[in-house]
Amino acid sequence: MTRAGRVELHTHLEGSVTPARLILLAEKYGQPGLPAACLTKDGNAYHFEGFHGFLELFKHVTSLLRTPEDFHVAARDLGGQLAADGVDYAEVTLSYGVLHLRGIDPAPVQRALAEAAALVEEADGVVLRWIPDAVRQWGVDKAWRAWEAAATAGRDLGVVGFGLGGDETAGPAADFADLFAEVKAEGYGVTIHAGEIPGMGAAAVDSIRQAVEDCGADRIGHGLAAAHDPLILATLAARGVFVEMCPGSNLATGGISAWGDHPLRTFLTAGIPCCLNTDDRALFDLDLEREYQQAGDLLALTATEHDSMQKAARKAAFDVSR
Ligand SMILES: [Zn+2]
């Protein structure tokens, strides 16, 4: 049974676009071939191979989110999905880097999202807050541009933090240290995708270390690679860095080879605050309820642990006004 009063901290708006919505958007923009490139034959689910195949899929989906109205509809859809998962507070990431790449002004988009959030709160009982993010592989200058737009939109439009996503193999987090120093100085939360991508070896641990030590990340997205490095586990625990775990996503992109291989328990044992998240719920065909169920079935997560993870997640939320 779905447990009410949950928090989700790592969920991408673009990744919540359902196959049905993708088909409608493709019709709207006269792109009839696009659903076939993204979806399984029956049109009910997405398909892709590996992490880089996923980034390609993400590109296709985001190519159909063009107007403030498109984002508004996507946010309303996501509100319904979160309510079905028992979530009453979510921090939702939106790539301002992608908006800029496509020549879309983030300001009217963020206004549309704030309006959608008010409707979602009223209709679904879910509070939505926003984490604009930059794309790592597009470099520091573009990340600054994304941050400036995020800061301009500001708290009045529900922005509570700033993040870094994209291809972790393409550049060190340390390059973004000055940017995140400013984000923190302005009182916004910092979350960085790190230790996610398979096959990076020691560089993946270093990626986490840089996110924490050079960029001052309050939260790490994924953090998988820390599981085999006692030193970085100790660093995360000592600093109280919160890890946003996304096992279903990691399984889909090859970070783990079976759901039950997820190192959640290693993090819990190390005393690192964490919770489960869907990451890109529609693209991976996931929901939060199933993620917690799997953790119970395959990793022996107890109801008490579920509740304490959720308590930690609420504490790690960036909206300090709540
Ligand atoms: Zn993510």
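Start at 1 and go down the list; that is how both ligands and their atoms are numbered. FYI, the numbering just counts along the sequence from 1.
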| said: Is C246 close enough to the Zn ion (ligand 1) that one of its N, O or S atoms comes in under 2.8 Å? | reply: no

| task | With side-chain contact (heavy atoms from CB on, under 4.5 Å) as the test, would you mind laying out the steps for Y29 and L34 before giving the verdict? | result | CA-CA 10 Å; Y29 291 116; L34 210 138; over 6 Å; no

| said: Tell me the closest heavy-atom pair linking H262 and M245, and the distance in Å. | reply: CE1-SD, 3.7 Å

| said: With respect to the Zn ion (ligand 1), please indicate if H222 possesses an N, O or S atom at a distance under 2.8 Å. | reply: no

| Above 12 or not: heavy atoms from other molecules or residues under 6.0 Å from NZ of K142? | no

| query | Quick check: does E244 put an N/O/S atom under 2.8 Å from the Zn ion (ligand 1)? | reply | no

| Distance in Å, S249 OG paired with L224 CG, rounded so as to fall on 0.5 Å steps | 8.5 Å

| Are D175 and R136 ion-paired here, with the side-chain N under 4.0 Å from a carboxylate O? | no

| field | the Zn ion (ligand 1) to D279: nearest N/O/S atom name | value | OD1

| task | Measure from the Zn ion (ligand 1) to every N/O/S atom of H12 and report the name of the nearest one. | result | NE2

